[in-house]
**Student:** 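Shown below is the structure under consideration.
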Amino acid sequence: MSKTLVEKIWDAHVVKSEEGFPDILYIDTHLIHEVTSPQAFDGLRKRGLPVFRPKQTVATADHNVPTLNQLLPIKEELSRYQVDMLTKNCAEFGIELYGLGHPFQGIVHVIGPELGITLPGKTMVCGDSHTSTHGAFGAIAFGIGTSQVEQVFATQCLLQSKPKTMKIEVNGELGKGVGAKDIILYIIAQISAAGGTGYFIEYAGSAIESLSMEARMTICNMSIEMGARGGLIAPDQTTFNYIKGREFAPAGEEWDKALAYWKTLYSDADAKFDSVLTFNAADIAPMITYGTNPGMGMGIQEHIPATAAQPETEKVSYKKALDYMGFDDDASLIGKSIDYVFIGSCTNSRIEDLREVADFVKDKRKADNVTVWIVPGSKQVEQQAKNEGLDKIFEAAGFQLREPGCSACLGMNEDKIPAGKYCVSTSNRNFEGRQGQNARTLLASPLTAAAAAVTGKITDVRDLLEKV
Amino acid sequence: MKKFTKLTSAVVPLNIENIDTDQIIPARFLKATTREGFGENLFRDWRYENDNQPKADFVLNDPTYSGQVLVAGKNFGCGSSREHAAWAIQDAGFDAVISSFFADIFKGNALNNGLLPIQVSDDFLAQIFKAVDSNPKSALEVDLENQTVTIIETGAKESFEINPYKKSCLINGYDDIDFILAQTKLIAEFEQARG
Ligand code: SF4
């Protein structure tokens, strides 16, 4: 019988399937971090249980860590306690931890792929919704709650019902100045912040196939922003090339065996999806969001849709969002002055993102009204950026290159955007208060963020590229 | 886990769509390492001014409304997977949340904690909001056994879906770990067979 990629991987991991019950799904790799794990460890202790397969669990500290002076003790007491707790729990339960100071430390969704832990055909979970990032390798990867973290600790399995499948095809060639982030913001704007709920999404089509691994991660990362349980892309030569030689990737005979299996991981030609959507890459412009959910996005030259044009039941929420952002119906955002630029998060903090930004700002300087933070996704990205001299370019441009962590993606650690300020951010969520109480977030690609940094206002990056 | 069978209660209406878990419990309150005490910060930034003064116009601060059922607009619980959102709602005294659409992870988290997410039609949701609008004390009856919600005043009733396994977990107070732990032998065999 022909199967979709999701079905192939799912079926290979079902320990038990029984009518009337969710499947017992085996989890190959469990990633954990300091925020969503302490209560799960506590639960294990209460039940008197060990971690069932500690070797299949990897930990890092990312959400709550400072991004300056990381080797000093964390100033904020609760944050320090939470990070210390992770260290203590990992030691007690025999889990490998890439904590602060470790050369592998970084945002959980950045380190998995770069260490060769994320591999095609795997099932992976983490107490974090952006676990969908790992789907870029052709893995089933999804975010879970803390009770489920405890479940995986205790049994290396999860009770899950098989998801519906959706295929999103993007065909054709992207225009100049348009990248993976724009593709995904465009798709979310088209189908809404709830449009993928209940589905696992497979991204396909020529525009997706031509993307690098890191760009594919950006796409899969934001699957959750349309409510999807996960997103994935069939592995191909680009995937295999990326994995080969990484720290924990299979090598030698193991590699050959793995590769032979990975090559069977695609949706069969006549496999049936529950839903199929098709988009044209040429229709996509650099995107920007104007509201308080990632579905409220538009091409940068467009005008904010009018409240009156919204469905009746959504008008109140829509107006509330525009009020929060301080924007009016029908307004254009071009030329709107901004205060902060944040380039980072598990969506856009990998080396290619940093290279793209550095390439653009070389010989330019940031505008005086803007504070620019560049936060690499991991220690390895940070090191690589320095090896390539990108730090010098950022310094000359007046950008601050900080240390790895989630940083201003969420208002949890010290990096917060002040109330009322506008931040063009390469992260994935523009919710009220996401980057700090009353902070106003505009989601965009690294290039669009870099353009805003240089001009101090919202800018169509294509105008600046033309002049080169 | 807390058991759930039947509930009759007035409701707290929150007629806003796409309420994400960052609103339910902002990230800066996720530093705790236990499950308790999150209720205080439920909807923190909608509920309090920056100086911690309660905002009088927010429904949770309005003594007119009370009850163990939170009723919210479409796509409730989207965004971050933080289970703290479910804990906060429960800790604030709610046993059920009604919406016309729930985000997946939130729904799972709620069920894993004995907080019942009830998905009703857009039309029924509108009827509930209307009933509460005209009488803030208007009560609902939630019957998990029969999978129905009834607006007591009007007698309007709708049935809701719930996975039969999850339903029995709620009624009996079991959780998933209890269920899977009984099958670790099977899991070890599965691992062996895969090599
Ligand atoms: S970078 Fe942001 S979205 Fe990604 S894991 Fe960290 S907090 Fe979550």
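Quick caveat, the model's predicted, so the values are computed rather than measured. By convention in this document, chain letters (A, B, ...) are assigned in the order of the sequence lines, proteins followed by strands, and residues within each chain are numbered from 1.
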**Student:** Using non-hydrogen atoms and a 4.5 Å limit, figure out which bit of B:K166 sits close to chain A: side chain, backbone, both or neither.
**Tutor:**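 Contact with chain A involves no heavy atom of B:K166 at all.
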
**Student:** Please answer whether the main-chain N or O of B:D45 pairs with a side-chain N or O of A:Q437 as donor and acceptor at a distance below 3.5 Å.
**Tutor:**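 Such a contact is absent between A:Q437 side chain and B:D45 backbone.
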
**Student:** Could you verify whether a donor N or O on one side chain and an acceptor N or O on the other, from B:W87 and A:Q39, lie under 3.5 Å apart?
**Tutor:**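 On atom types as modelled, these side chains do not qualify, holding no pair under 3.5 Å.
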
**Student:** Just so I understand: if I count every heavy-atom pair under 4.5 Å between each of B:C78, B:G73, B:A193, B:S80 and chain A, which residue has the most?
**Tutor:**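 Winner by heavy-atom pair count: B:S80.
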
**Student:** If you count the non-hydrogen atoms of other residues, nucleotides and ligands that lie under 6.0 Å from NZ in A:K257, is the total more than 12?
**Tutor:**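 Incorrect, the count does not exceed 12.
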
**Student:** So what's closer than 4.5 Å to chain A heavy atoms on B:F101: side chain, backbone, both or neither?
**Tutor:**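 Only the side chain of B:F101 comes within 4.5 Å of chain A.
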
**Student:** Looking only at heavy atoms, what is the nearest atom pair of A:L410 and B:A27, with distance?
**Tutor:**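 Looks like CD1-CB, 3.7 Å.
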
**Student:** Between A:G143, A:G436, A:A12, A:G411, which residue shows the highest count of heavy-atom pairs closer than 4.5 Å to chain B?
**Tutor:**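 Of the candidates given, the most pairs with chain B belong to A:G411.
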
**Student:** Need one label for A:T313: side chain, backbone, both or neither, based on atoms under 4.5 Å from any heavy atom in chain B.
**Tutor:**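 The answer is both parts of A:T313.
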
**Student:** Stepwise, does the side chain to side chain contact (heavy atoms under 4.5 Å, CB included) test hold for A:T36 with B:E83?
**Tutor:** CA-CA 8 Å; A:T36 56; B:E83 194 162 316; over 6 Å; no

**Student:** What part of A:H13 gets within 4.5 angstrom of chain B, counting heavy atoms only: side chain, backbone, both, or neither?
**Tutor:**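 For A:H13, backbone and side chain are both near chain B.
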
**Student:** What heavy-atom pair brings B:S81 and A:S129 nearest, and what distance separates the two atoms?
**Tutor:**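 Looking at all heavy atoms of both residues, the closest pair is OG-N, 3.2 Å.
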
**Student:** Check step by step if side chain to side chain contact (heavy atoms under 4.5 Å, CB included) holds for B:I187 and A:F52.
**Tutor:** CA-CA 10 Å; B:I187 299 168; A:F52 188 63; 3.7 Å; yes

**Student:** Output the option from B:E191, B:H84, B:E189 having the highest count of non-hydrogen pairs under 4.5 Å with chain A.
**Tutor:**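 Highest number of pairs under 4.5 Å: B:E191.
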
**Student:** In the structure I gave you, are the side-chain heavy atoms of B:N50 and A:N438 within less than 4.5 Å of one another anywhere?
**Tutor:**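 Yes, at least one pair of side-chain atoms sits under 4.5 Å.
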
**Student:** If you look at every heavy atom in B:Y165 and A:G20, which pair is closest and at what distance?
**Tutor:**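 Looking at all heavy atoms of both residues, the closest pair is CB-O, 3.6 Å.
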
**Student:** Among A:G227, A:G198, A:S161, A:G433, which residue forms the greatest number of heavy-atom pairs with chain B at distances under 4.5 Å?
**Tutor:**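 Ranked by contacts with chain B, first place is A:G198.
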
**Student:** Checking heavy atoms, do the side chain of A:N428, its backbone, both or neither come under 4.5 Å from chain B?
**Tutor:**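 Contact with chain B involves no heavy atom of A:N428 at all.
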
**Student:** Output yes when a side-chain donor or acceptor of B:K31 lies under 3.5 Å from a complementary backbone atom of A:E77, and no otherwise.
**Tutor:**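 Checking the backbone N and O of A:E77 against the side chain of B:K31, no donor-acceptor pair under 3.5 Å is found.
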
**Student:** By a 4.5 Å heavy-atom criterion (distance strictly below it), what part of B:D176 contacts chain A: side chain, backbone, both, or neither?
**Tutor:**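 When you check distances to chain A, atoms from both the backbone and side chain of B:D176 fall under 4.5 Å.
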
**Student:** So, the side chain of B:Q23 versus the backbone of A:E432: is there a donor-acceptor pair under 3.5 Å, distance only?
**Tutor:**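 Answer holds: yes.
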
**Student:** Tell me, out of A:V14, A:V149, A:T197, who's got the most heavy-atom pairs with chain B below 4.5 Å.
**Tutor:**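 The option with the most such pairs is A:T197.
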
**Student:** Between B:N113 and A:S147, does a side chain to side chain contact (heavy atoms under 4.5 Å, CB included) hold up when you go through it step by step?
**Tutor:** CA-CA 8 Å; B:N113 286 279; A:S147 294; 3.9 Å; yes

**Student:** Which answer fits A:R429, side chain, backbone, both or neither, if we ask what part of it has an atom under 4.5 Å from a heavy atom of chain B?
**Tutor:**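 Interface part for A:R429: side chain.
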
**Student:** Does A:E18 CD have over 12 foreign heavy atoms under 6.0 Å away?
**Tutor:**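 Correct, the count exceeds 12.
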
**Student:** Below 4.5 Å from any heavy atom of chain B, which atoms of A:Q56 appear? Answer side chain, backbone, both or neither.
**Tutor:**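 Contact with chain B: side chain only.
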
**Student:** Can you see which heavy atom on B:N109 is nearest to which on A:Q148, and at what distance?
**Tutor:**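 Heavy-atom minimum between the residues: OD1-OE1, 4.1 Å.
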
**Student:** Name the orientation class of the two ring planes belonging to A:F21 and B:F179 (parallel below 30°, tilted from 30 to 60°, perpendicular beyond 60°).
**Tutor:**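 Judged by the thresholds at 30° and 60°, the geometry between A:F21 and B:F179 is parallel.
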
**Student:** Picking from A:T155, A:L78, A:N413, which has the most non-hydrogen pairs under 4.5 angstrom with chain B?
**Tutor:**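 With the most close heavy-atom pairs to chain B, the winner is A:T155.
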
**Student:** Between the side chains of B:R35 and A:E150, is the shortest nitrogen-to-carboxylate-oxygen separation below 4.0 Å, so that they form an ion pair?
**Tutor:**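 Salt bridge present between A:E150 and B:R35.
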
**Student:** Only pairs of heavy atoms separated by less than 4.5 Å count here; which of A:E34, A:R47, A:R229 has the most with chain B?
**Tutor:**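 Max contact count across the listed options: A:R47.
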
**Student:** For B:I105 and A:G145, which heavy atoms make the closest approach, and how far apart are they?
**Tutor:**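 Scanning both residues, the minimum pair turns out to be CG2-N, 4.4 Å.
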
**Student:** Does B:K3 NZ have over 12 foreign heavy atoms under 6.0 Å away?
**Tutor:**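 12 or below, so no.
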
**Student:** Assess whether atom OH of A:Y81 is packed by more than 12 heavy atoms of other residues, nucleotides or ligands within 6.0 Å.
**Tutor:**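 No, the 6.0 Å shell around OH holds no more than 12 heavy atoms from other groups.
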
**Student:** For B:A32 and A:P38, which heavy atoms make the closest approach, and how far apart are they?
**Tutor:**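 Minimum heavy-atom separation between B:A32 and A:P38: O-CG, 4.4 Å.
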
**Student:** Shorter than 4.5 Å, heavy atoms on both sides: which option in B:L186, B:N18, B:T21, B:N163 has the most such pairs with chain A?
**Tutor:**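 Top option by heavy-atom pairs under 4.5 Å: B:L186.
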
**Student:** Counting only heavy atoms closer than 4.5 Å, note whether B:R194 contacts chain A via side chain, backbone, both or neither.
**Tutor:**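 Just the side chain, heavy atoms under 4.5 Å.
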
**Student:** With chain A as the partner, which of B:I180, B:N112, B:I16 has the greatest number of non-hydrogen pairs under 4.5 Å?
**Tutor:**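 Heavy-atom pairs under 4.5 Å are most numerous for B:I180.
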
**Student:** Do other residues, nucleotides or ligands put more than 12 heavy atoms under 6.0 Å from the OH atom of B:Y174?
**Tutor:**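 Open: at most 12 neighbouring heavy atoms sit under 6.0 Å from OH of B:Y174.
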
**Student:** If we define contacts as heavy-atom pairs under 4.5 Å, which of B:L181, B:D122, B:I19, B:T184 has the most with chain A?
**Tutor:**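 Of the candidates given, the most pairs with chain A belong to B:L181.
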
**Student:** Is it the backbone or the side chain of A:F142 that comes under 4.5 Å from a heavy atom of chain B, or both, or neither?
**Tutor:**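 When you check distances to chain B, no heavy atom of A:F142 falls under 4.5 Å.
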
**Student:** Could you go through the side chain to side chain contact (heavy atoms under 4.5 Å, CB included) check for B:Q183 and A:C157 one step at a time?
**Tutor:** CA-CA 10 Å; B:Q183 332 217 18; A:C157 286; over 6 Å; no

**Student:** Taking A:S317 for its side chain and B:E17 for its backbone only, find out whether a donor-acceptor pair lies under 3.5 Å.
**Tutor:**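 Present.
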
**Student:** Measuring heavy-atom distances to chain B, does A:L159 have an atom under 4.5 Å in its side chain, in its backbone, in both, or in neither?
**Tutor:**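 For A:L159, the contact with chain B is made by backbone and side chain together.
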
**Student:** Report which part of A:D28 has an atom under 4.5 Å of a heavy atom belonging to chain B: side chain, backbone, both, or neither.
**Tutor:**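 Just its side chain gets close to chain B.
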
